[in-house]
Amino acid sequence: MIQIAVLGYGTVGSGVVEVIETNKQLINQKINGEINVKYILDLREFPGDPYADKVIHDYEQIINDQEISVVVEVMGGVNAAYDFTKRALMAGKSVATSNKALVAKHGAELLKIAKEKNVNYLFEASVGGGIPIIRPLNCCITADDIDEISGILNGTTNYILSKMFFEGSSYADVLKEAQQLGYAEADPTADVEGYDACRKIAILTSLISGHFADFEKIYTEGITKITAEDMKYIKKMGKTIKLLATSKKQNGKYYVYVCPVILPKEHPLFNVNDVFNAVFVHGNMLGDAMFYGSGAGKLPTASAVVADIVDAVKSADNNGYGWDSESLQISDIGGAKRSFFVRVKGDGAQAAQIFVNFEMIDAGVPGECGFITEEMTEKEFEDKANSIDGLINRIRMA
Ligand code: HSE
C-alpha cells in the first residue's frame, strides 16, 4: 500500500482525492500497488464529506509517519508550503505539487534537496494545468537546445480576451461574467496582471536553461489596458490578440516577457481560445512542437498531480533534471525588436512625423487613428511613443 498525504483540501486537493478514487483501478494497475490517501491536512473541518475522517490539522503527524512516502502539496502560497515541502523532502518523502509560486521561487533549492535524498520533487501541474509540458521538456525533448517557448499559460485571461474579441464586450463586463461563472477569482490580480503567467514562464525558462530564472526580472504586462476599441482594429487587421508568455534564447541569453501580443492567422497559437492553454516549443533539432489542452480547473490540474504521484511511486529517484540556484541572465526587453500597433487621438499627423514608416489601419473608430509601425527595438519605440501627444494605447505585434 502506498500511503500519501494531501496538504490542502481546496479545489485542487479535493480534485486529487477525486481522481484517485474515480480511476483507482487504472492508477493502481500502473503502479502495481495501491494508493491510499491516509491524511488530508487542512485548517478547516469538512463535516459530511466522505473523507472527513482523514482530515487532520497537525503537520507533525504526517512528517512523523514513516508510512507516508508521497506528500501532495496543493495548499498554494509560499511560506508554509515551502516549510512543509522542505521538511517532507528532508524526511525522504517525495513531493508532488501544483504550486507554481513555490516552484518558481524555491525550485532550485527543493530540487537539490530531493536529489540529495533520492526522492522526487515533481510539479507537472504547476504549468499548463493538465497539459503535459514539464515532463516532455525533462524526459522527451532532451536532445535539443530549446531556443523558444511561447505559451498561452493563463486560462482566465485567455477566456477574457477571447470573449472580448468574439463578442466585442468590454474588459470590465467580461471580467464580471468570468467571476460569476467561477472562471476568474474574486481577486483577479494575479491572472489579469500577468503574474501567474510570469511564474509559469519563469519555471519553463529555468528548466530549459538549467539556471534560476528570477520571475522578478521578467517584464510582465497584463491585459487590463486592452479595450473593445483595440479589438476593432485587431479584427480589421485579420489578426487576434493573446497574453503570451515567451522565453527566447538569443546569443546565449534569454529574452523573457509576459504581455499581450497581436498574432497573425498563421501563428500556431492563433486558434487557442477560451480557457484553453497551449505551449509552443522550438528546438534546434526538433523544430516546432505544440502542447494544447486544459490549462486550469480542478480535475485537469489534479490529473497532472496524480500523474506525478504515479511517477514518484514508479521511480524513487526521478530527478536527474531541474536547475541550479545560479541566476540566469535575462536580457533587457529594451533590446528586443518588433513592430507595434499604436492608437492616437486625432488624425495622427504628429505620429506620422515621428514614426515615418507605418501602415494605417482604419477601423472606423471616431476621433482617433491606428497604425502599425515598422520593426524597431522596444527602446526606440518607447522613446518615440513618449513624444506623441494623445497616445491611447500601444500593443506589441508578433
Ligand atoms: N488562474 C490560473 C489560470 C489557474 O487562469 O490559468 C491555473 O494556474
Side-chain angles (χ1 to χ4, degrees), residues 8 10-16 19 72-78 81 96-105 107 122-135 149-165 171 174-207 215 218 220-224 226 241-246 258-261 269 272-280 291-308:
T11 307
V12 182
S14 58
V16 166
V19 170
V72 176
E73 186 276 295
V74 284
M75 49 199 282
V78 172
T97 188
S98 58
N99 190 338
K100 67 217 133 200
L102 181 62
V103 178
K105 194 168 165 91
L122 300 171
F123 43 91
E124 182 61 69
S126 66
V127 182
I131 307 172
I133 182 62
I134 304 290
R135 196 165 288 110
I149 296 188
S150 256
I152 295 174
L153 298 179
N154 183 268
T156 307
T157 46
N158 204 34
Y159 175 83
I160 294 173
L161 288 179
S162 300
K163 276 259 173 191
M164 287 176 71
F165 182 79
Y171 167 77
V174 180
L175 174 62
K176 210 155 111 197
E177 191 191 321
Q179 285 170 320
Q180 279 159 0
L181 289 168
Y183 291 158
E185 307 272 347
D187 177 0
T189 315
D191 291 317
V192 299
E193 296 294 358
Y195 307 150
D196 174 83
C198 170
R199 280 6 176 226
K200 292 168 176 169
I201 196 68
I203 293 171
L204 297 181
T205 306
S206 298
L207 263 184
F215 56 86
I218 295 176
T220 302
E221 184 181 311
I223 62 162
T224 55
I226 305 298
I241 180 166
K242 299 289 172 194
L243 183 70
L244 286 197
T246 297
V258 175
C259 57
V261 177
L269 297 171
V272 178
N273 292 314
D274 303 319
V275 289
F276 286 99
N277 281 198
V279 191
F280 165 81
F291 301 83
Y292 170 86
S294 303
K298 174 175 165 166
L299 294 177
T301 308
S303 158
V305 176
V306 176
D308 275 351

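All ligand and atom numbering here is 1-based and tracks the order in the structure.
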Is it the case that the side chain of K200 and the backbone of L153 share a donor-acceptor pair, with hydrogens and angles ignored and the cut-off at 3.5 Å? yes
Check whether any side-chain N or O of Q179 sits under 3.5 Å from a backbone N or O of A186 as a donor-acceptor pair, and report yes or no. yes
Flag, side chain of N158 to backbone of V272, donor-acceptor distance under 3.5 Å: yes
CD1 (I160) and CG (L243) are apart, to the nearest 0.5 Å, by 10.0 Å
Between the side chains of N154 and K242, is a donor N or O closer than 3.5 angstrom to an acceptor N or O? no
Below 4.0 Å from any atom of ligand 1, which residues have a heavy atom? Give them in chain and number order, please. K100, N154, G155, T156, D191, D196, K200, G295, A296
Can any side-chain N or O of T156 pair as donor or acceptor with the backbone N or O of Y183 at less than 3.5 Å? yes
